[in-house]
Amino acid sequence: MSRVPRPPLDGLIDDLYYLEGAPPYARLTLPPMPAALLIVNLGAPFRIRAGTDLETAEYADGCVVTMPTRAFEFGYPPETRSVGVHFKPWGPAPFLPMPATELCDRPVTVEQVWGRPAVAELRDRLATAAGPYEMLTLLEEELMRRLRETAGLELVRRTSSVIAAAGGAVAIGDLCAAAGVSSTHLAQRFKEIIGVTPKRLARTHRFTATVFAIDPAGPIDWSSLADGAGYFDQAHFGHEFRAFTGLTPTRYVEVRRRFLREHPGHAFEGWPLPAD
């Protein structure tokens, strides 16, 4: 189950969610998308292999993932139970003790962000809550308590919203002019708040919008799709696919179709890809 939090958290968060059950695959690949994530784990540890890491790392209490630039692999236990937060790209900043750029493509445990005593207490309260609704209320209250003023947040939020509305098809120079700041200043604020530059965020938005427009169940005109999304040519589009997913466009669709075929209507269907 999931729900949108109350203001002002709704300006930072897409939804709070509760997840329980058996994952569709032991390992899932999550391509980069313009979003961030916090998971408070209440079950067996899960494992993440992020960015260019060769080995997976175990996360017992959960994790914090700022907006990634590379696909990462997520390994669930046979039965999983957690509560989490789907943040907007700028959403984690008011809850982090460090600039987001320090966590780019480097997931950390919740303990590393909020400290062991606080996280142990939160996990205990969540684990003993009466049900999912009460758990999400507890998590929302924890976030409200930790919410703090963050310099540059409004500038980044406004500019990021313009990028999102344009599907990434926007000139960064125009954004700087509209905001009345230099490109250097805007890039620095973006790296502090989101972890990446405006150009990288726009690139991720464009790719995500293009991929979500694909219907894996039907025929696909790759040339028209690439042209409509503003890529130079089909080769450029193919390069972006490999950079974001590690797969060619045709292989990506094969994997998407496998998910649809083996787990129709699953809650995870949409962005994660089977890594098995």
Q. Where do Leu273 and Leu247 land on the side-chain contact (heavy atoms from CB on, under 4.5 Å) test, with the steps shown first?
A. CA-CA 11 Å; Leu273 302 167; Leu247 305 171; 4.0 Å; yes

Q. Who pairs with Thr197 by side chain to side chain donor-acceptor pair (under 3.5 Å), at least two apart in sequence or on another chain?
A. none

Q: State, with a plain yes or no, whether a side-chain heavy atom of Leu38 is found less than 4.5 Å away from one of Pro92.
A: no

Q: With sequence neighbours left out, write down each residue that passes side chain to side chain contact (heavy atoms under 4.5 Å, CB included) with Asp233, or none if nothing qualifies.
A: Ala235, His236

Q) What residues form a side chain to side chain donor-acceptor pair (under 3.5 Å) with Gln112, not counting sequence neighbours? A) Thr109

Q: Please determine if Glu140 and Arg6 form a salt bridge, counting it only when a charged side-chain N lies under 4.0 Å from a carboxylate O.
A: yes

Q | Connected via hydrophobic side-chain network under 4.5 Å: Leu28 and Tyr59 | A | yes

**Q.** Counterpart residues, side chain to side chain donor-acceptor pair (under 3.5 Å), relative to Arg116 (two or more places apart)
**A.** Glu111

Q | Any donor-acceptor N/O pair, Arg49 side chain to Ala57 backbone, under 3.5 Å | A | no

Q: Can you see which heavy atom on Met67 is nearest to which on Pro34, and at what distance?
A: SD-CA, 3.8 Å

Q. CZ of Phe212: more than 12 outside heavy atoms within 6.0 angstrom?
A. yes

**Q.** N/O donor-acceptor pair under 3.5 Å between Tyr252 side chain and Val211 backbone
**A.** no

Q) Regarding Arg203 and Thr208, is there a side-chain donor-to-acceptor distance under 3.5 Å anywhere? A) no

Q: Take the angle between the ring planes of Trp222 and Phe241 and call it parallel below 30°, perpendicular above 60°, tilted in between.
A: perpendicular

Q | Close side-chain approach of Leu42 to Thr80, heavy-atom, < 4.5 Å | A | no

Q.
Would you say that Leu96 contacts Val64 through its side chain, given a criterion of any heavy-atom pair below 4.5 Å between the two side chains?
A. yes

Q: Apply side-chain contact (heavy atoms from CB on, under 4.5 Å) to the pair Val196 and Phe190, showing each step before the final yes or no.
A: CA-CA 6 Å; Val196 301; Phe190 263 70; 5.5 Å; no

Q.
If you apply the rule side-chain contact (heavy atoms from CB on, under 4.5 Å), what do you find for Arg157 with Ile193, and how did you get there?
A. CA-CA 9 Å; Arg157 185 197 65 78; Ile193 301 297; over 6 Å; no

Q.
Taking side chain to side chain contact (heavy atoms under 4.5 Å, CB included) as the definition, give me every residue that meets it alongside Pro68, ordered by chain and number, with sequence neighbours left out.
A. Pro32, Phe72, Asp105

Q | Side chain proximity check, Ile13 to Val4, heavy atoms < 4.5 angstrom | A | no

Q: Could you walk me through whether Phe207 and Tyr231 pass the side-chain contact (heavy atoms from CB on, under 4.5 Å) test, one step at a time?
A: CA-CA 10 Å; Phe207 180 78; Tyr231 290 100; 3.7 Å; yes

Q: Answer yes or no: is there a side-chain heavy-atom contact under 4.5 Å between Arg123 and Asp61?
A: yes

Q: Answer yes when Glu141 and Arg145 have at least one side-chain N-carboxylate O distance shorter than 4.0 Å, and no when they do not.
A: no

Q. Can Phe95 and Trp114 be said to form a ring-ring contact (aromatic ring centres under 6.0 Å, His included), step by step?
A. CA-CA 9 Å; Phe95 309 100; Trp114 288 346; 7.0 Å; no

Q: Working to the nearest 0.5 Å, report the span between CG of Leu175 and NZ of Lys199.
A: 13.0 Å

Q) Considering only heavy atoms from C-beta outward, does the side chain of Phe259 approach that of His266 to under 4.5 Å? A) yes

(Q) So does Pro31 get a backbone contact from the side chain of Trp271, meaning a donor-acceptor N/O pair under 3.5 Å? (A) yes

Q | All pairs passing salt bridge (charged side-chain N to carboxylate O under 4.0 Å, His left out) where residues 9-35 contributes a residue, at least two apart | A | Asp14-Lys88, Arg27-Glu73, Arg27-Asp276

(Q) What verdict does the salt bridge (charged side-chain N to carboxylate O under 4.0 Å, His left out) test give for Glu254 and Arg257, after you've listed the backbone C-alpha separation in whole Å, the side-chain angles of each residue and the deciding distance to 0.1 Å? (A) CA-CA 5 Å; Glu254 289 174 3; Arg257 286 171 177 165; over 6 Å; no

Q.
For a side-chain hydrogen bond (donor to acceptor under 3.5 Å, both in side chains) check, start with the C-alpha distance between Arg47 and Tyr76, then their side-chain angles and the critical distance, and finish with the verdict.
A. CA-CA 7 Å; Arg47 300 177 67 85; Tyr76 282 99; over 6 Å; no

Q. Between His263 and Tyr25, is the ring centre distance below 6.0 Å?
A. yes

